[in-house]
Protein chains: 2
Amino acid sequence: MPPERRRAVAARERARAPEAEDAALSLAARQRVGPPTIDDVAQRAGVSVATVSRIINKKAFNKASADTIDRVERAVAELNYRPMRAGRALRTLESHLVAFLIPDITNAFYSAIAHSVEIAIRDLGYAMILCNTEESPELQDAYLDEMQSHLVRAVLLLGAVDSPGLRRAAATGVPIVYLNRKAPPGLSGPFIGIDNAAAGRAVAEHFIRQGYRRCSAIHGPLGSSASRERFEGYRSRLEAAGLALEADDVQAGTLTIESGYGAAVALLSGRTRPRAIFCGNDLMAYGAFRRCRELGLKVPGDIALFGFDDNPLNEWLATWLSTIHVPHDRFGPAASRVLRALGGADSADAASAHILLPFRPVFRESA
Amino acid sequence: MPPERRRAVAARERARAPEAEDAALSLAARQRVGPPTIDDVAQRAGVSVATVSRIINKKAFNKASADTIDRVERAVAELNYRPMRAGRALRTLESHLVAFLIPDITNAFYSAIAHSVEIAIRDLGYAMILCNTEESPELQDAYLDEMQSHLVRAVLLLGAVDSPGLRRAAATGVPIVYLNRKAPPGLSGPFIGIDNAAAGRAVAEHFIRQGYRRCSAIHGPLGSSASRERFEGYRSRLEAAGLALEADDVQAGTLTIESGYGAAVALLSGRTRPRAIFCGNDLMAYGAFRRCRELGLKVPGDIALFGFDDNPLNEWLATWLSTIHVPHDRFGPAASRVLRALGGADSADAASAHILLPFRPVFRESA
DNA sequence: GTCGTCCGGGTAAACGATTACCCTCGTAAT
DNA sequence: ATTACGAGGGTAATCGTTTACCCGGACGAC
């Protein structure tokens with residue numbers, strides 16, 4: 001029997017044997033283990049549980065004298081009491097948990113965002129429960145359901161994919177904040193991320209400025225607003241400059257290194273090859289890079305690679321990769337603002353707020 | 001008022017106004033929102049809550065006829081009912097949460113472990129609550145306390161640091177599993193990781209085999225058993241070969257890229273320089289790599305770098321880095337075994353089990 | 001016919017925390 | 001002297017689930 005159970009069981013046995021004499025009762029009371037409860041604090045401070053609760057929650061302070069507050073706080077410290085979340089959650093029907101759904105925890109860019117968000121969430125007094133969705137609608141749904149039953153305050157959805165469960169969750173009222181990727185069509189909700197279309201255009205402009213005539217692209221899943229918009233911005237800007245992408249020069253990928261490698265194999269298999277490749281994220285650029293090296297192509301001398309996200313490792317390991325820097329460390333503070341607003345009076349505004357973070361092209365030219 | 005609250009409030013108001021006529025009652029009953037409860041399921045299936053509970057928990061099936069089971073399961077499906085965790089947790093005094101404390105979520109090696117562990121935890125039917133401790137004892141303690149109040153099943157502690165809260169938590173009975181880094185002195189608990197001393201020796205042997213006469217090291221915090229043991233294994237093996245490390249050739253770091261860079265600056269500032277550097281982890285090797293390039297040194301031609309962990313990105317971006325491959329994808333399954341054992345009859349054995357994972361030196365020689 | 005003894009359930013008491021009311025003073029205004 | 005009121009704090013219901021008991025009937029053994 002896990003030790004946490006012993007206390008409950010003891011209490012139940014006590015209840016079942018009301019004829020037990022006082023000695024046994026107090027024995028049972030003394031023998032119980034597990035964390036102290038609010039009852040213990042109340043007894044030790046010589047007050048009722050109501051008073052203790054009011055004091056630890058800093059509510060209705062007019063209902064407690066300074067002396068009482070002091071006694072209670074001492075009792076809390078002496079017993080090392082911490083309110084059990086389950087009891088509180090059950091009564092208030094809200095927890096101190098915030099769910100964070102992440103498509104790929106091993107992607108350093110995503111985990112940098114997770115890091116930033118975790119700090120913000122902790123500062124708000126919540127704890128973060130992290131779920132890896134692997135871009136799978138089924139997994140996302142399973143977690144969405146699970147998180148609801150945990151009474152999470154909010155769901156932060158990094159890289160949302162469309163799914164029945166998402167639509168269900170959106171309808172039930174738990175706040176969903178979309179990070180990096182907007183809500184799927186028909187759904188709305190606060191969004192935190194960059195202007196992907198503008199960023200895509202910026203890449204195109206750089207290529208144009210450099211005088212690259214033949215440009216190409218490896219884009220991510222077009223079902224993702226982020227991937228779609230950045231690709232569309234890039235494509236349309238090139239087209240406006242008379243450099244329209246040809247079908248052969250566009251490959252679709254899945255935002256993984258392996259997929260970037262595979263796309264580069266296809267892209268660079270013709271007799272002639274593009275001068276520059278815009279990749280949907282840095283990982284795909286890493287994959288493309290390997291293929292370039294296998295073919296003996298110098299980057300960026302023979303072929304320029306442009307990534308997206310600016311993986312924190314880039315400046316150390318991928319000094320050849322130009323990319324769009326997405327300010328991962330600003331997701332947390334932004335999420336914090338949204339979360340606070342959702343709890344406030346202007347929650348209607350917050351529910352549809354779009355926070356656009358500034359992006360910044362980073363040009364890396366070294367070999 | 002958050003929608004989840006409305007139901008509770010409605011119920012309370014109902015209780016406060018017992019003279020309300022039936023119409024108002026049923027209105028209130030119909031108007032309530034929020035997720036369905038076990039009562040709703042029971043009513044819809046025409047049974048008592050006890051029966052519903054027994055069926056959804058697959059307990060005491062002899063107490064339900066096939067017909068009843070069917071009715072209940074249909075009701076659950078139709079209402080999309082999911083038991084609220086808080087109620088369950090409060091009653092059973094145990095949750096479906098497993099805490100995972102990670103020193104640095106942006107370190108891809110750690111997050112690869114997190115990924116593996118998350119899958120294993122999900123397979124066990126639990127959810128993972130992830131906390132970033134940043135190697136800080138204070139943060140670790142705060143999270144340890146918080147997790148206890150969440151009634152977590154277990155705490156998986158990746159990269160434990162010694163702290164009062166850890167000793168307190170260890171005493172209270174919540175199972176703590178130490179990953180990668182052993183329990184601090186005086187504490188015991190199941191451990192999952194590699195034989196760091198042997199791995200350190202393997203690095204030394206490689207250097208000896210290669211004929212490197214002057215070897216050096218950038219090690220991590222010696223308070224960490226992992227860092228200490230791998231450095232000690234390396235140092236002692238070199239010494240046994242007559243290649244004892246000199247004081248100038250050893251630098252301490254903090255397992256970050258920046259720290260590796262700084263250590264390399266110091267290490268490579270003398271008139272002569274070591275032929276090889278063993279770094280406490282891959283990140284520090286990345287930092288050292290930059291310094292080497294700044295000095296115009298070829299890696300591994302002029303100077304060999306040896307890392308530790310085998311960051312998943314290495315084979316794509318750091319093809320010059322030899323390292324000790326730690327099987328990050330085996331932490332999850334191992335943790336799963338430990339967790340299952342802790343719940344089983346042999347929990348005493350499990351509480352002190354050491355699972356040694358196989359490591360594998362990876363030699364990368366390309367420029 | 002009487003006694004176990006299963007089957008198939010229902011009843012109600014917990015789990016720990018919160019909070020709407022209720023109660024009792026002391027004091028001040030009338 | 002009476003009323004009003006605020007300060008200080010206690011009582012008990014309640015959140016959703018689980019589960020130890022209780023209960024009525026069917027059925028077989030004696």
Side-chain angles (χ1 to χ4, degrees), chain A residues 4-18 32 34-42 45-57 59-69 71-72 81-96 149-151, chain B residues 4-18 32 34-42 45-57 59-69 71-72 81-96 149-151:
Chain A
E4 319 85 51
R5 291 302 317 273
R6 297 225 291 274
R7 173 203 232 289
V9 172
R12 243 162 261 158
E13 274 161 4
R14 206 155 58 228
R16 229 176 293 131
R32 63 159 196 237
T37 72
I38 197 171
D39 275 290
D40 301 326
V41 177
V47 297
S48 74
V49 293
T51 302
V52 174
S53 176
R54 281 191 287 256
I55 290 173
I56 55 180
N57 291 309
K59 268 182 190 164
F61 254 171
N62 68 322
K63 311 207 87 176
S65 66
D67 176 57
T68 306
I69 294 177
R71 282 211 317 285
V72 168
Y81 166 75
R82 301 188 65 87
M84 189 191 288
R85 298 297 189 183
R88 181 177 285 187
L90 183 53
R91 170 63 214 225
T92 62
L93 291 183
E94 53 193 29
S95 76
H96 277 72
S149 87
H150 277 289
L151 293 169
Chain B
E4 318 85 52
R5 290 301 318 271
R6 295 225 291 275
R7 173 201 232 289
V9 172
R12 244 163 262 158
E13 274 161 4
R14 206 157 56 231
R16 230 175 292 131
R32 64 156 197 240
T37 72
I38 198 172
D39 275 290
D40 302 325
V41 176
V47 296
S48 75
V49 293
T51 302
V52 174
S53 177
R54 280 191 286 257
I55 289 173
I56 57 180
N57 291 308
K59 266 182 189 164
F61 256 172
N62 68 322
K63 311 206 88 175
S65 65
D67 176 57
T68 306
I69 294 177
R71 283 211 316 286
V72 168
Y81 167 75
R82 301 189 67 87
M84 189 189 289
R85 298 297 190 184
R88 182 176 285 187
L90 183 53
R91 169 64 213 220
T92 63
L93 291 184
E94 53 193 28
S95 76
H96 277 72
S149 88
H150 277 290
L151 293 169

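Every chain is numbered from 1, with letters handed out A, B, ... down the list of sequences.
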Subject >> Given C/dA13, C/dA17, D/dG10, the nucleotide with the shortest approach to the side chain of A/I38 >> reply: C/dA17
Original post:
Among C/dA17, D/dG9, D/dT18, which is the nearest nucleotide to the side chain of A/R54?
Top reply: D/dG9
Subject >> Minimum side-chain heavy-atom gap A/R88-A/N57 below 4.5 Å >> reply: yes
Original post:
Considering only C/dT19, D/dT18, D/dG9, which nucleotide approaches the side chain of B/R88 most closely?
Top reply: D/dT18
Original post:
Rounding to a whole Å, what distance do you find between A/I56:CD1 and C/dA17:C1'?
Top reply: 8 Å
Subject >> Euclidean distance, atom CG of residue A/L90 to atom P of D/dC15 [Å, nearest integer] >> reply: 9 Å
**OP:** Just compare D/dT19, C/dT18, D/dG10 and give me whichever is closest to any side-chain atom of B/A50.
**Re:** D/dT19
Original post:
Looking at the side chain of A/A64, which of D/dG9, C/dA17, D/dT18 is the nearest nucleotide?
Top reply: D/dG9
Original post:
At their closest point, which heavy atom of A/L151 faces which heavy atom of A/L93, and how far apart are they?
Top reply: CD2-O, 3.9 Å
Subject >> Side-chain donor/acceptor of A/R71 to backbone N/O of A/A45, under 3.5 Å >> reply: yes
**OP:** Using only side-chain N and O atoms of B/S65, determine if any of them is under 4.0 Å from OP1 or OP2 of C/dC7.
**Re:** no
Original post:
At what distance, to the nearest 0.5 angstrom, does OG of B/S95 lie from CG of B/L90?
Top reply: 12.0 Å
**OP:** Provide, to the nearest angstrom, the distance between the CZ atom belonging to B/R71 and the P atom belonging to C/dG9.
**Re:** 7 Å
**OP:** Find the distance between NE2 (A/H150) and NE2 (B/H150) and round it off to the nearest 0.5 Å.
**Re:** 10.5 Å
Original post:
In whole Å, what is the span from the NE2 atom of B/H96 to the P atom of D/dG16?
Top reply: 19 Å
Original post:
Which of these nucleotides, D/dT19, D/dG10, C/dT19, is closest to any side-chain atom of A/S53?
Top reply: C/dT19
**OP:** State which of D/dC15, C/dC15, C/dA12 makes the closest approach to the side chain of A/L93.
**Re:** D/dC15
**OP:** Between B/A89 and B/V49, name the one whose nearest nucleotide on DNA chain C is closer to the 5' end.
**Re:** B/V49
Subject >> Value in whole Å for how far the C1' atom of D/dC15 lies from CZ of A/R85 >> reply: 17 Å
Original post:
When you check the phosphate oxygens OP1 and OP2 of C/dT18, does a side-chain N or O of A/K59 lie under 4.0 Å from one of them?
Top reply: no
Subject >> Point-to-point distance, once rounded to the nearest 0.5 Å, from OG1 of B/T37 to CE of B/M84 >> reply: 8.0 Å
Subject >> side-chain N/O A/N57 vs C/dA17 OP1/OP2, d < 4.0 Å >> reply: no
Original post:
Within this structure, what is the CD-to-P distance between A/E94 and D/dG16, rounded to whole angstrom?
Top reply: 13 Å
Subject >> Whole angstrom value for the distance that separates P of C/dA13 from CZ of B/R91 >> reply: 12 Å
Original post:
With respect to the phosphate group of C/dG9, does any side-chain polar atom (N or O) of B/T68 fall under 4.0 Å of OP1 or OP2?
Top reply: yes
**OP:** Would you mind classifying the nucleic acid contact of B/V47 as base, sugar-phosphate or nothing, using non-hydrogen atoms under 4.0 angstrom?
**Re:** sugar-phosphate
Subject >> Distance, rounded to the nearest Å, where B/D39 contributes CG and D/dC15 contributes C1' >> reply: 11 Å
Original post:
Of the candidate nucleotides D/dT19, D/dT18, C/dG9, which contains the atom at the shortest distance from the side chain of B/T51?
Top reply: C/dG9
